[in-house]
There are 2 protein chains.
Amino acid sequence: MYTSSEENYLKAILKLSRKGDSPVTTGALAAEMQTTAPSVTDMLRRLAEKQLATYEKYYGVQLTEEGVRIATALVRRHRLWEVFLTEKLGFLWDEVHDMAEQLEHVQHPELIERLDAFLGHPRFDPHGDPIPDAQGRWPERQRQPLSNVEVGGQAVVVGVDDHSTAFLQYLDRLGIGLGVHIAVLERVEYDHSLCVRLVEQGRDLTLSDKAARSLFVELL
Amino acid sequence: MYTSSEENYLKAILKLSRKGDSPVTTGALAAEMQTTAPSVTDMLRRLAEKQLATYEKYYGVQLTEEGVRIATALVRRHRLWEVFLTEKLGFLWDEVHDMAEQLEHVQHPELIERLDAFLGHPRFDPHGDPIPDAQGRWPERQRQPLSNVEVGGQAVVVGVDDHSTAFLQYLDRLGIGLGVHIAVLERVEYDHSLCVRLVEQGRDLTLSDKAARSLFVELL
DNA sequence: TTTATTTTTTAGAAACAACTAAAAATAGAT
DNA sequence: ATCTATTTTTAGTTGTTTCTAAAAAATAAA
């Protein structure tokens, strides 16, 4: 129906507009897609032509209802494949993105619903990101950065804001992953770094402010 | 590394040359790929350029060692995905081809070996076709068309020569699938049709010569 | 062996997706 | 308000992959 390239743009536009930047600018899209502004302009024209987005020159782009529908389905596919790769094939959370990026473009009316059932209808992916359901509805969860938690507070890791390999592998080395129980022991005023205890492992460690802001938790 | 289109041509050339038609002609490839002769000529030049095939004008094309390696890996991926789709997601043997056709192009150094292990290292796909191993070796099995079996002989279905939806669904309706035990009761001289008994189901039926020649069996 | 038929290749064009360089429009600063 | 700097678009190319129509080569037939 649509090319992989078109689908990738739709997904990027959805991502940026859900982050709050609406309408999405050519420059922001070029950065997100790691390409040049002229390439973006070309594609926006094609997407508008196909009624997947409304595009106003020198202003920006917004997805149409159909555009949102397609982009949401892509996010659903991407995240379900990520669950498959980690849960069934044993890949780590920092290894699955590129594969899912390819798998999400496989077209078939029933495939993804079968996969969803096979995986037990997961609501969140290996990074804690929500998986839209078949109707495009997003599961909600009240999460916040670990950096917001008061000293003395306790929380469970439910997601990451930074999906980079470097950060994810750093967390692995620290023993931090989804579901890990954290108690905040102390906040250093000087650089806002946090001393925390990993409750199950009984281990204490210090997290930089940058790291603490990139970790999402649910309060206990 | 290579485009999906290039990969599809490599696979088609391997298929035709394994069938015995070597070198593979432009026309045969055009028919196999459902495209035109000029498109094939263009692609053969590109494949030769990239050292994946040796191409001689007005003569035909043959895969190089590297071409065979890539094409064999593609067949491996295609068939392993077909096993996944039937065994894990519950698709029927006539539904999986198009999905596997897309999934086989997903590039990742470890993915397919993980999938292979997850599936228990299957040696044959849902149609009974052999799955090359990671080194490109093909499992062998002494199979023959059901039409060759003597009256009074017994055999087990291990494959099909015709992968069309129409034939596969026809077999489903008859209760014939891989592993089904068949006893040949009678051969009608007039049109070479076969009267057979499905041993487990205790049911008798008549197969046309065309159908019997498209069913591969292993003698008991 | 010459002619006719079929097959294959070349030539030219279109759609897609990307780029660089240059022009135009917007936004910001004095 | 004008000038400057940034952002965005336009114009022109390149590389893929496909196609149709025409030319060339190989094969088959008389």
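Computed from a prediction, not measured in an experiment: that's the story for all the values here. For the numbers below, each heavy atom of this structure counts, side chains included, while hydrogens, waters and symmetry mates do not. Numbers restart at 1 for each chain; the letters A, B, ... are given by sequence-line order, proteins then strands.
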Check the distance between C:dC16's P and A:Leu44's CG and give it to me in whole angstrom.
16 Å
Charged N to carboxylate O under 4.0 angstrom, B:Lys19 versus B:Glu32?
no
What is the nucleic acid contact for A:Tyr55, judged by heavy atoms within less than 4.0 Å: base, sugar-phosphate only, or nothing?
sugar-phosphate
Pair B:Asp209 + B:Arg213, salt bridge at N-O below 4.0 Å:
yes
Side-chain H-bond candidate by donor/acceptor type, B:Glu65 with B:Gln51, under 3.5 Å
no
CD of A:Gln34 versus C1' of C:dC19: gap in Å, rounded?
16 Å
Whole-Å distance, B:Arg45 CZ to D:dT18 C1', equals 14 Å
Separation of atom OH in B:Tyr59 from atom P in C:dT8, rounded to whole Å:
13 Å
Write out a two-atom table: protein N or O, nucleotide N or O from nucleotides 12-17 of chain D, distance below 3.5 Å.
unit_1	atom_1	unit_2	atom_2	d
D:dT17	OP1	B:Thr3	OG1	2.4
D:dT17	OP2	B:Arg46	NE	2.8

What is the separation between atom CD on A:Glu56 and atom P on C:dA25, rounded to the nearest whole Å?
15 Å
Nearest whole Å is fine: how far is D:dT6 C1' from A:Tyr58 OH?
12 Å
Inter- and intrachain pairs under ring-ring contact (aromatic ring centres under 6.0 Å, His included), touching residues 116-143 of chain B, at least two apart
B:His127-B:His163
Among C:dT10, C:dA21, D:dT8, the one nearest any side-chain atom of A:Pro38 is C:dA21
Validation row: B:Lys88, B:Leu119 side chains within 4.5 angstrom (heavy atoms):
yes
What nucleic acid atoms does A:Ser39 come within less than 4.0 Å of, heavy atoms only: base, sugar-phosphate, or nothing?
base
Whole angstrom is fine here: how far is it from CG in A:Leu47 over to P in C:dA17?
9 Å
In whole angstroms, how far is the C1' atom of D:dA25 from the NZ atom of B:Lys57?
9 Å
Which nucleotide in the set D:dT18, C:dC19, D:dT8 lies at the smallest distance from any side-chain heavy atom of A:Thr36?
C:dC19
Between B:Thr35 and A:Thr26, just flag the one whose closest nucleotide in DNA chain D comes earlier from the 5' side.
A:Thr26
With the side chain counted from C-beta on, respond yes when A:Lys11 and A:Lys15 share a heavy-atom pair under 4.5 Å apart, and no when they do not.
no
Salt bridge A:Glu66-A:Arg69, side-chain N to carboxylate O under 4.0 Å
yes
